[in-house]
Amino acid sequence: MAKKKKNKTQKKPAIRFPQGGTSPQVLLQQMQALKGEDTKWKQGKTFSLVYHPGEEIMQMVKDAYMLFASENALNPTAFPSLRRMEAEVISMCADLFRGDDQTIGSMTSGGTESILLAVKTARAWAKKHKPSVKIPEIVLPVSAHPAFHKAFHYFGVKGVLVPVNEDGRANLNEVWSAVNRNTAMIVGSAPSYPHGVVDPIEKMAEIALDKEILMHVDACVGGFMLPFARELGYQFNNFDFSVPGVTSISADIHKYGYAAKGASVIMYKNRALRKKQFFIYTQWTGGIYASPGMGGTRPGGAIAAAWAALNGIGMDGYLKLAKTALKTTRKFKATIESIPELQLIAQPDMTLLALGSDKLNIYAIGDELSVKGWHIDRQQDPACLHLTISPIHAEIADEFLEDLQAAVDQVKKLSLHKIGTNIQVAAVKGLKKVLPDNAFGKLQQITSGKGIGKSKRTAAMYGMMGALSGSGELDDLVLDFMDKLNSLD
Ligand SMILES: *Cc1c(COP(=O)(O)O)cnc(C)c1O
């Protein structure tokens with residue numbers, strides 16, 4: 001093969017590897033400056049991604065993290081401290097989710113890893129208990145988190161989607177008929193992220209018991225809110241290990257547990273099930289290798305910070321924080337329901353709200369709020385905005401709700417803008433019919449430059465994505481966009 005000549009026009013990467021070290025003061029200044037453009041979560045401007053319990057708790061969690069920032073839980077025999085703290089976190093969670101002395105689990109880096117492991121465990125379980133099944137199936141509602149689909153993609157498991165009812169909860173008849181001899185596990189959410197409602201876990205677990213299969217409850221976002229809400233008198237479907245048939249639960253301590261990022265638990269009904277999660281390799285020239293989860297090196301800081309959060313906040317503290325967040329959610333809910341142009345997509349079971357509009361373009365309302373500095377997720381099927389309420393939002397509730405009313409008024413007035421959006425959407429629909437596939441690259445221009453990252457107004461883009469939904473073009477567009485997002489330019 002001919003040697004390729006080095007292309008003379010080839011440019012070096014934009015940022016070169018640093019020559020000398022920079023002083024900590026300068027670095028800190030630079031990083032503070034970088035933070036300047038980030039969403040203002042400390043001021044309650046952000047409705048997802050960060051769960052803020054207030055400065056005091058956050059400082060304690062940071063201190064705990066720093067104390068163990070270098071330690072590695074890959075080999076627990078070297079760090080009995082981490083082994084102890086992880087085991088205590090697991091035991092405290094077993095108690096919180098009403099397990100017994102058989103309940104066991106692992107700490108992971110987040111909800112996604114917990115879910116990946118639950119699915120991997122189900123696959124291993126199926127291999128043993130359903131040896132004739134080639135491709136195990138897992139039944140889950142459409143509202144279940146994409147981490148499950150990531151797991152199916154990684155592990156070659158088949159996901160079988162079932163619809164949800166009007167109230168946002170999994171349709172039981174559909175669950176029942178989706179289960180067949182290949183099914184290894186049923187998944188329910190407590191609550192689902194998109195609409196904030198708890199699936200009928202007891203009934204789903206009954207099906208799992210009847211069919212002698214596993215039942216996973218995804219309490220990633222609800223695990224450290226629902227138990228306290230229940231204590232405060234809120235009512236919703238039971239979801240924990242007190243439900244016969246529930247075999248595993250995922251719960252994120254880095255959400256409403258207020259730990260540092262990188263802390264979740266995957267809990268199992270018993271040790272036999274957890275063993276199916278572990279990975280061991282005994283032939284390595286480097287010695288016997290054993291690892292509980294997806295990663296190798298496991299950050300000690302995340303374990304220490306989670307341990308500190310649970311112990312430092314305690315039941316009393318969590319009840320107080322939950323009370324504030326739940327009360328604030330009720331206030332949001334009441335205001336939203338009093339605005340005729342808006343509706344809640346579902347009646348929330350805890351602190352997640354989805355609001356839509358059958359009169360106005362809800363994404364345009366989202367744009368008006370973005371312009372005012374609010375960071376809010378957009379959802380689809382149906383189009384709606386998503387609010388994750390934290391205790392911090394008690395302080396900004398009035399301001400936000402005023403801005404929400406103003407946004408509704410603005411969008412009502414700006415019918416011109418709305419028409420503009422509709423024309424763009426119609427244009428895209430038209431394009432889709434007449435243009436060859438490769439011409440869709442042109443559409444990138446709409447998402448790049450003035451795209452998601454840069455512009456505060458994205459209603460037209462979401463409209464366009466809606467129009468492309470279900471087509472391969474949307475996947476390509478998103479992949480290209482991700483490629484851009486994960487680069488310097
Ligand atoms: C956040 C979340 C996950 C995924 O957790 P990560 O920590 O983002 O990986 C899974 N399920 C639900 C319901 C969630 O809210």
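As the structure is a prediction and not an experimental result, all values here were calculated from the model. Read the numbers this way: they start at 1 and go in the same order the structure lists the ligands and their atoms. Position 1 is the first residue of the sequence, and the numbers go up from there. What you see below is based on every heavy atom in this structure, not just the backbone, and it leaves out hydrogens, waters and symmetry mates.
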(message) Looking at Trp176, I'd like to know if the NZ or CZ of Lys211 sits under 6.0 Å from its six-membered ring centre while staying within 45 degrees of the ring's axis.
(response)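 Geometry flag: set, cation within 6.0 Å and 45°.
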
(message) Between Asp240 and Arg230, does any NZ, NE, NH1 or NH2 come within less than 4.0 Å of an OD or OE carboxylate oxygen?
(response)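 Salt bridge flag = yes for Asp240 with Arg230.
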
So is [X] polar-close to ligand 1, meaning N/O to N/O under 3.5 Å?
X      : result
Gly111 : yes
Tyr193 : no
Thr112 : yes
Asp252 : yes

(request) With heavy atoms of His254 as the reference, note each atom of ligand 1 found under 4.0 Å away. (result)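 Under 4.0 Å from His254, ligand 1 has these atoms: 7 (O).
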
(request) Just jot down the ligand 1 atoms closer than 4.0 angstrom to any heavy atom of Cys220, in number order. (result)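 This gives 2 (C), 3 (C), 10 (C), 11 (N), 12 (C), 14 (C) as the contact atoms.
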
(message) Quick test of your reading: applying side chain to side chain donor-acceptor pair (under 3.5 Å), list the pairs with at least one residue in residues 294-306, sequence neighbours left out, ordered by first then second residue.
(response)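 Found Asn72-Thr297, Glu86-Arg298.
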
(message) Run the salt bridge (charged side-chain N to carboxylate O under 4.0 Å, His left out) test against Glu399 and tell me which residues pass, sequence neighbours left out.
(response)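 Glu399 satisfies salt bridge (charged side-chain N to carboxylate O under 4.0 Å, His left out) with Lys45 only.
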
(message) Do Ser48 and Tyr193 have side chains that approach each other closer than 4.5 Å (heavy atoms only, starting at C-beta)?
(response)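 Yes. Closest side-chain heavy atoms under 4.5 Å.
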
(request) Write out the residue and atom name of the closest protein heavy atom to atom 12 (C) of ligand 1, then the distance separating them to 0.1 Å. (result)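 Its nearest protein heavy-atom neighbour is Asp218 OD2, 3.4 Å.
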
(request) For Arg83, look at atom CZ and say whether over 12 heavy atoms of other residues, nucleotides or ligands are found less than 6.0 Å away. (result)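 Check fails, neighbour count at 12 or below.
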
(message) With a cutoff of 4.0 Å, is Lys255 in contact with ligand 1, counting heavy atoms of the residue only?
(response)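 Right, Lys255 reaches ligand 1.
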
